[in-house]
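Here the structure is laid out as structure tokens; the discussion comes afterwards.
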Number of protein chains: 2
Amino acid sequence: MSAAPSSPMPAAGPLAGLRVLEIGHFVAAPFCTRLLADLGADVVKVEPLGGDPVRQWGEQRDGHSPWWSMHARNKRCIALDLKNPRAVALVLDLVKDMDALVENFRPGQLDRFGLSEAALHAARPDLAIARISGFGQDGPYRDRASFGVIGEAMGGLRHLTNHPPEETDLPPSRVGISIGDSIAGLYGAFGLLATLWQRDRAGGTKQAYTLDVALTEAMLSMMEGTLPEYGVFGTIRQPQGSRIQTAAPTNAYPTRDGQWLLVAANSDPLFRRLARVLGRPELADDPRFAGNPARLANVGELDALIAAWTRAHDAAEADAILQAADIPSTLCFTAADIAADPQYRARGMVREVEDPLLGPVLQAGIVPHVPEDPGAVRWAGPSIGAHTDEVLAQAGLSPETIAELRAEGTIR
Amino acid sequence: MSAAPSSPMPAAGPLAGLRVLEIGHFVAAPFCTRLLADLGADVVKVEPLGGDPVRQWGEQRDGHSPWWSMHARNKRCIALDLKNPRAVALVLDLVKDMDALVENFRPGQLDRFGLSEAALHAARPDLAIARISGFGQDGPYRDRASFGVIGEAMGGLRHLTNHPPEETDLPPSRVGISIGDSIAGLYGAFGLLATLWQRDRAGGTKQAYTLDVALTEAMLSMMEGTLPEYGVFGTIRQPQGSRIQTAAPTNAYPTRDGQWLLVAANSDPLFRRLARVLGRPELADDPRFAGNPARLANVGELDALIAAWTRAHDAAEADAILQAADIPSTLCFTAADIAADPQYRARGMVREVEDPLLGPVLQAGIVPHVPEDPGAVRWAGPSIGAHTDEVLAQAGLSPETIAELRAEGTIR
């Protein structure tokens, strides 16, 4: 059964006209191409005959996961056995019409398939190639196996996602999502467009670029002052738990109904308003809490006062009181909170997408929002090989050749 | 004293030739323009006369923070008082030569300065405008104050960055860096280049685009299957601590010297190798641990076995043993570990940048790596107004006019 729509909407969004081949799997490269396809690029994803493993990641029905429904949306999925030279020849044929290739195999793997840069550029001299890997295409760690959690830890994130050691014996928490892979994919999309802008603009270079995104480096790039502060002062930043090192009060506070309420009242005017909400207006002028340095010096005492107030209220009630006082606060949103949120709904950032295999699926909208040409979710993540025939026919293969390739097990 | 170099290196990188005006502060917009400037864009940053607060964030010397040294590198910094109409006129004059504007004020604030979209487009009809805000430029939350931690929590990240409630009474941890702001900035850079590619390419639209990036939505966009799984199955994903929900073993394990060692051995071949390292090769065929579903069902028992082994070794020793067995593992890197890492050094991802105010500063390299044209760190974050004279002279102002504007307090 095919999950490809019979009459897909035409491409829309600023990347309409961009043609991208993805030979990727798992998260990083497919996330990169999801972003490109969301903004209108025509993404053809090459999968092995058994499909990308994300099809079965998380909860699923009949081998089709809701994650996949969003992860592969707007892409045309073709299935080929790259161990077969006829499949490799097909890929090189497709590359002739592509602007860019995105891949996240281990360094050297595409070469072993017969898809070296020389072969790819012979087929398409100005093809931009975005490679995403754990450690990069060179250097002493090049050939190491890569996992997202390893890259996040080596990038410095994991050490900081923890409470101070005097407060807990538990290990540093994972962020809870594949954040390292997704950030690497986002850097890939950014870098690819930087090179394409230079290649394609009036007066541009018209040259091919090869992008080398490492998951570790994508994380390191986000670590703000951590490395510079070590270099200048020798300071090694340590985990701060749910607080912020440089401003107070900002923390997650327990509520009567067992939830965590975030409150960010770390400027003098905000703290003055918070003190009134707590019924303790004098705290704003208390020498322990007047000014951010004093509040930081006495943050334990301060947080205890705020927590005493939050514990006396249910989370929704406390949140409403703080919002009414114009103090930034929020619950820690779950998927259910996100689905019900009026702002997300008003901006189309929570939307129902019809999936032929799953029915309606709630998906995140298109980020970033481009009001003049916002793109669209044209279809949900397709089934394996849903677009094989369409894509190969566009490449000039006859129905007979396609049938033969399928019969011999080269395509699906 | 000026911290601008007297003879900066020429622009390099794929974005050479791109001209960007930043009217931003804090993290999101300046992070966006750091990425653009790293790849060669000419970024002119407009600051208030007192400078961007990040100049004093984290540790600092004489009002100059190492964070700023990296955050504002490669930018030309000019200082103007936007409450003065003469300064606003100057900005509109500068806009005439710009490709893009990046800003992260509260929605409506630029309009109040006299820098509405109409005014900006009157100065430069095809100016691309990237706006980054907490909740977006419309919708019921548009005017709410925004903080990174609030956006991260509403995007769904904070709820998942925690241990299961039965394991801890502590609140969900902050990631430890301004991840929401940085991700929003990265989405801004990606989206801006998408619109510029479409505007500037041969056959492109030549039209102006306005980008509307919300911090909450940038986070939500990264949340993989969380929202779709809720929509289809009603499942609300819950925090998993340091484990991964779908594969085992992957966890942080305690070592003899009190560190946390990450081990990711969640495939059958990896687990077989790990079992040999533990001196328990029979575990690979034990019905409790043979295959990922069995390992997940018995993950507590499995993690206890692994932790018993890690506790008998110092972290570096255990890490070396696992690496030798080709099992992905790593310490949770601190800034010191990052600075000493041979892979980062080999790829130029930890580099010394000469800062006139701080001396040599360790900074992250340029991500993503573009081998054909990798960009450069041309100079460290400049002092306030370091480029005011240069930029205004380029815009055609005479030394006398510049002196007059400075004397009256319009510029610094």
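Only heavy atoms go into these numbers, but all of them, side chains included; no hydrogens, no water, no symmetry mates. Labels below follow one simple rule: chain letters A, B, ... track the order of the sequence lines, proteins then strands, and each chain is numbered from 1. Being a predicted model, the structure only gives us computed values, none of them experimental.
Looking only at heavy-atom pairs under 4.5 Å with chain A, the residue among Ser178(B), Ala145(B), Ala218(B) that has the most is Ser178(B). In terms of heavy-atom pairs under 4.5 Å with chain A, the best-connected choice from Glu224(B), Glu372(B), Gln240(B) is Glu224(B). Heavy-atom pairs under 4.5 Å with chain B peak, among Gly241(A), Ala252(A), Ala346(A), at Gly241(A). Chain A forms the most heavy-atom pairs under 4.5 Å with one residue out of Thr246(B), Ile236(B), Thr205(B), and that residue is Ile236(B). Highest contact tally toward chain A, considering only Gly139(B), Pro172(B), Gly58(B), is held by Pro172(B) [criterion: heavy-atom pairs under 4.5 Å]. Counting heavy-atom pairs closer than 4.5 Å to chain B, the top-ranked of the candidates Val213(A), Thr334(A), Ile132(A), Val353(A) is Thr334(A). The candidate with the highest count of non-hydrogen atom pairs below 4.5 Å against chain B, out of Gly156(A), Gly176(A), Pro140(A), Gly231(A), is Pro140(A). Note on Arg144(A), Met70(A), Arg131(A): by heavy-atom pairs under 4.5 Å with chain B, the leading option is Arg144(A). With chain A as the partner, the residue from Ala214(B), Gly13(B), Pro328(B) showing the most heavy-atom pairs under 4.5 Å is Pro328(B). With chain B as the partner, the residue from Gly136(A), Gly134(A), Ala202(A) showing the most heavy-atom pairs under 4.5 Å is Gly136(A). Chain B forms more heavy-atom pairs under 4.5 Å with one residue of Gly188(A), Ser182(A), Ser65(A) than with any other, namely Ser182(A). Of all the listed residues (Asn251(B), Leu170(B), Val232(B)), the one sharing the greatest number of non-hydrogen pairs under 4.5 Å with chain A is Leu170(B).
Here OG1 of Thr161(A) is found 11.5 Å from CG of Asn162(B). Values are rounded to the nearest 0.5 Å. Remark: Met154(A) CE to Thr330(B) OG1 distance equals 4.5 Å, nearest 0.5 Å. With values rounded to the nearest 0.5 angstrom, Asp212(B) atom CG is found 4.0 Å from Arg347(A) atom CZ. Rounding to the nearest 0.5 Å gives a distance of 12.0 Å between CG of Leu362(B) and CD of Glu229(A). Thr250(A) OG1 to Arg174(B) CZ: the interatomic distance, rounded to the nearest 0.5 Å, is 8.5 Å. Atom OG1 of residue Thr168(B) and atom NE2 of residue His163(A) lie 6.0 Å apart, to the nearest 0.5 angstrom.
Neither the backbone nor the side chain of Ser69(B) has a heavy atom closer than 4.5 Å to any heavy atom of chain A. With a threshold of 4.5 angstrom between heavy atoms, Tyr253(A) does not approach chain B through any atom at all. No part of Glu352(A) comes within reach of chain B, as not one of its non-hydrogen atoms sits under 4.5 angstrom from that chain. Neither the backbone nor the side chain of Arg199(B) comes within less than 4.5 Å of any heavy atom in chain A. Both the backbone and the side chain of Tyr209(A) have a heavy atom closer than 4.5 Å to some heavy atom of chain B. For Pro360(B), the part sitting under 4.5 Å from any heavy atom of chain A is the backbone (N, CA, C, O) and nothing else. Neither the backbone nor the side chain of Ser146(B) comes within contact range of chain A; no heavy atom of the residue lies under 4.5 Å from a heavy atom of that chain. If you measure heavy-atom distances from Leu157(B) to chain A, the contacts under 4.5 Å come from both the backbone and the side chain. Of the two parts of Arg142(B), only the backbone, made up of N, CA, C and O, holds a non-hydrogen atom closer than 4.5 Å to a non-hydrogen atom of chain A. In this structure, chain A has heavy atoms under 4.5 Å from both the backbone and the side chain of Leu18(B). When heavy atoms are compared at a cutoff of 4.5 Å, Asn266(B) approaches chain A solely by way of its side chain, counted from C-beta outward. Looking at Gln207(B), the atoms closer than 4.5 Å to chain A (heavy atoms on both sides) all sit in the side chain, from C-beta outward. Using a 4.5 Å cut-off between heavy atoms, Pro239(B) makes no contact with chain A at all. Neither the backbone nor the side chain of Gln238(B) comes within less than 4.5 Å of any heavy atom of chain A. With a threshold of 4.5 angstrom between heavy atoms, Ala208(B) approaches chain A through N, CA, C or O but not through any side-chain atom.
With Gln198(A) contributing its side chain and Ala16(B) its backbone, the two residues share a donor-acceptor pair below 3.5 Å. Using a distance-only test at 3.5 Å, with no hydrogens or angles considered, no donor-acceptor pair links the side chain of Arg243(B) to the main chain of Ser173(A).
For the pair Arg61(A)/Phe233(B), a side-chain contact is recorded, criterion being any heavy-atom separation below 4.5 Å from C-beta on. With contacts defined as side-chain heavy-atom distances shorter than 4.5 Å, the pair Val175(B)/Leu160(A) does not qualify. Side-chain contact between Phe190(A) and Leu36(B) is present, with at least one heavy-atom pair separated by less than 4.5 Å. Residues Leu220(B) and Val367(A) form no side-chain contact, since every pair of their non-hydrogen atoms from C-beta on lies 4.5 Å or further apart. For the pair Tyr187(A)/Leu35(B), a side-chain contact is recorded, criterion being any heavy-atom separation below 4.5 Å from C-beta on.
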Go through the steps for Tyr344(A) and Glu217(B) under the test side-chain contact (heavy atoms from CB on, under 4.5 Å), then give the verdict. CA-CA 8 Å; Tyr344(A) 283 129; Glu217(B) 297 166 2; 4.0 Å; yes

Full working for side-chain contact (heavy atoms from CB on, under 4.5 Å) between Arg237(A) and Ile177(B): CA-CA 10 Å; Arg237(A) 196 189 292 193; Ile177(B) 53 168; 4.1 Å; yes

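Asp138(B) approaches Gln343(A) most closely through the heavy-atom pair O-NE2, 2.9 Å. Residues Pro368(A) and Gly191(B) come closest through the heavy atom pair CG-CA, 3.6 Å. Minimum interatomic distance between Ser221(A) and Ala364(B) (heavy atoms only, all atoms of both residues): CA-CB, 4.4 Å. In plain terms, the two heavy atoms of Trp197(B) and Leu15(A) that are nearest each other are CE3-CD2, 3.9 Å. When all heavy atoms of Met222(B) and Ile183(A) are compared, the closest pair comes out as CE-CG1, 3.7 Å. Nearest heavy atoms, Leu262(B) versus Ala153(A): CD1-CB, 3.1 Å.
Every residue two or more places apart in sequence or in another chain that forms a ring pair (Phe, Tyr, Trp, His ring centres under 6.0 Å) with Trp57(B) is listed here: Phe26(B), Trp67(B). Evaluation of the ring pair (Phe, Tyr, Trp, His ring centres under 6.0 Å) rule for Phe135(A) yields Tyr141(A) as partners, not counting sequence neighbours.
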